[in-house]
Amino acid sequence: MEGSSKRNTACYGKTEKEKDLFHVIHKVPCGDGPYVKAKHAQLVHKDPETAIVWFWKAINAGDRVDSALKDMAVVMKQVDRAEEAIEAIRSFRSRCSKQAQESLDNVLIDLYKKCGKVEEQIDLLKRKLRLIYQGEAFNGKPTKTARSHGKKFQVSVKQETSRLLGNLGWAYMQKSNFLAAEVVYQKAQMIDPDANKACNLGLCLIKQSRYDEARLVLQNVLEGKLPGSEDFKSRKRAEELLMEVETRQPLPELTEILGFDLDDDDFVKGLEKMMSEWAPSRSKRLPIFEQISSFRDRIAC
């Protein structure tokens with residue numbers, strides 16, 4: 001740790017102008033506290049394990065706890081310590097401000113995805129959607145400032161809702177619950193459509209053997225009718241999915257196989273009688289439809 005402490009003095013002995021330029025270039029804060037040392041280890045020296053040690057020191061010392069906990073969890077995820085990061089957030093988020101809770105939830109969603117904790121991911125996404133419905137998201141404001149790749153931008157409640165629905169749809173797909181995923185993606189596309197979610201919706205429809213519907217959704221991407229359609233990855237994926245649709249030929253009509261006219265009442269009745277003899281009578285309404293019916297009623301958006 002002594003060597004790390006020496007390295008953290010990289011900008012000492014320089015003029016004030018040189019110090020300011022150093023902080024701008026490396027995007028590190030000024031000062032000499034544990035949080036600043038953690039950011040130096042993370043961003044300047046590219047030493048994630050040392051950064052984690054200093055982030056822990058910052059949390060225990062009460063030094064910029066909001067940022068220290070979130071940044072530490074992100075670094076832990078990068079070095080395959082996602083399970084530890086989840087426990088850290090659960091244990092120490094009570095020390096963070098109310099304003100930091102939403103960012104911590106977003107980090108948790110990524111960590112759950114990394115660890116394959118699908119149920120936890122679904123529960124958290126539903127809770128965040130419920131907060132939006134209740135008007136409690138963004139601390140009651142219509143927009144929030146987000147950051148990506150060092151750049152700040154504004155996100156609206158509408159965009160956030162669509163993003164969360166997209167994540168929820170993807171989580172349902174991991175459980176092979178394609179009907180629930182379809183419902184969620186359809187809602188997300190109504191709110192804020194884009195090509196990536198359209199491809200996921202198309203896949204949901206393919207998994208349910210609804211090829212004509214899937215074809216229409218995917219053609220919207222290839223025809224440039226959706227935001228993000230110009231993205232190479234989205235177009236390539238749409239092309240691959242559409243090719244999958246085209247290679248799946250529908251089964252021949254039952255009339256072609258049996259040589260009977262299905263409009264013949266006697267044949268239909270005989271077929272129904274035969275089926276009833278093969279298997280005991282049971283409800284045609286499968287449990288999944290009960291599940292999705294309640295899901296449609298509960299979803300708050």
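Just so you know, these numbers come straight off a predicted model, no measurement behind them. All residue numbers refer to positions in the sequence shown, counting from 1.
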K175 with E119: basic N within carboxylate O range, under 4.0 Å: yes

For N200 and Y185, does a side-chain donor sit closer than 3.5 Å to a side-chain acceptor? yes

Do Q189 side-chain atoms and D194 backbone N/O form a donor-acceptor pair below 3.5 Å? yes

Mind listing the closest non-hydrogen atom pair of A171 and V118 along with its distance? O-CG1, 3.4 Å

Donor + acceptor pair across side chains of R215, N220 (<3.5 Å): no

Test ring pair (Phe, Tyr, Trp, His ring centres under 6.0 Å) applied to W56 - qualifying residues, sequence neighbours left out: F92

How would you list, by chain and number, every residue that makes a side-chain contact (heavy atoms from CB on, under 4.5 Å) with E223, sequence neighbours excluded? Q219, K225

Start with the C-alpha gap between Y35 and K57, add the side-chain angles, then the distance that decides, and say whether side-chain contact (heavy atoms from CB on, under 4.5 Å) holds. CA-CA 8 Å; Y35 177 74; K57 291 179 179 291; over 6 Å; no

Between I89 and V107, is the side-chain contact (heavy atoms from CB on, under 4.5 Å) condition met? List the steps. CA-CA 9 Å; I89 291 178; V107 174; 3.9 Å; yes

side-chain hydrogen bond (donor to acceptor under 3.5 Å, both in side chains) involving Q134 - partner list, sequence neighbours excluded: none

Correct closest heavy-atom pair for A73 and L111 would be O-CD2, 4.2 Å

Evaluate salt bridge (charged side-chain N to carboxylate O under 4.0 Å, His left out) for R127 paired with D105, printing each intermediate quantity in order. CA-CA 10 Å; R127 182 166 66 82; D105 279 345; 3.3 Å; yes

Residues in side-chain hydrogen bond (donor to acceptor under 3.5 Å, both in side chains) with K158, at least two apart? none

Hey, does the side chain of R248 reach the backbone of Y211 with a donor-acceptor pair shorter than 3.5 angstrom? no

Minimum heavy-atom distance V217-G202, with the two atoms named: CG1-N, 4.1 Å

Applying side-chain contact (heavy atoms from CB on, under 4.5 Å), can you list everything that pairs with Q208, at least two apart in sequence or on another chain? F178, L179, E182, C204, R210

Is L124 reachable from L129 through a run of I, L, V, M, F, W or Y residues, each pair having side-chain heavy atoms under 4.5 Å apart? yes

Does a side-chain N-to-carboxylate-O contact under 4.0 Å join K128 and E136? no

Decide whether Q101 and K98 meet the rule of one side-chain donor and one side-chain acceptor closer than 3.5 Å. no

Not counting sequence neighbours, which residues clear side-chain hydrogen bond (donor to acceptor under 3.5 Å, both in side chains) with S234? List them please. D231

Closest non-hydrogen atom pair, I86 against C115: CD1-SG, 3.9 Å

Has K113 got more than 12 heavy atoms of other residues, nucleotides or ligands less than 6.0 Å from its NZ? yes

Taking every non-hydrogen atom, the tightest pair across K39 and D71: NZ-OD2, 3.2 Å

Would you please test E87 and R81 for salt bridge (charged side-chain N to carboxylate O under 4.0 Å, His left out) and show each step? CA-CA 10 Å; E87 290 306 314; R81 293 170 62 179; over 6 Å; no

Do W170 and M190 belong to the same hydrophobic cluster, where Ile, Leu, Val, Met, Phe, Trp and Tyr are linked whenever their side-chain heavy atoms lie under 4.5 Å apart, directly or via other members? no

N-O pairing of R237 and E240 below 4.0 Å: no

Presence of salt bridge, R163 and E160, under 4.0 angstrom: yes

Rounded to the nearest 0.5 Å, how far apart are CG of N167 and OH of Y112? 14.0 Å

Applying the side chain to side chain contact (heavy atoms under 4.5 Å, CB included) criterion to W54, which one of M72, K37, H40 satisfies it? K37

Distance col, row R90:CZ vs L104:CG, nearest 0.5 angstrom, shows 13.0 Å

With a 4.5 Å cut-off on side-chain heavy-atom distances among I, L, V, M, F, W and Y, is there a chain of contacts connecting I109 to L131? no

Provide the closest heavy-atom pair for D66 versus S97 in the form atom of the first, atom of the second, distance. OD2-OG, 2.5 Å

Could you tell me if K197 and S162 have a donor-acceptor pair between their side chains, going purely by distance under 3.5 Å? yes

Hey, is the main chain of L226 close enough, under 3.5 Å, to the side chain of S229 for a donor-acceptor pair? yes

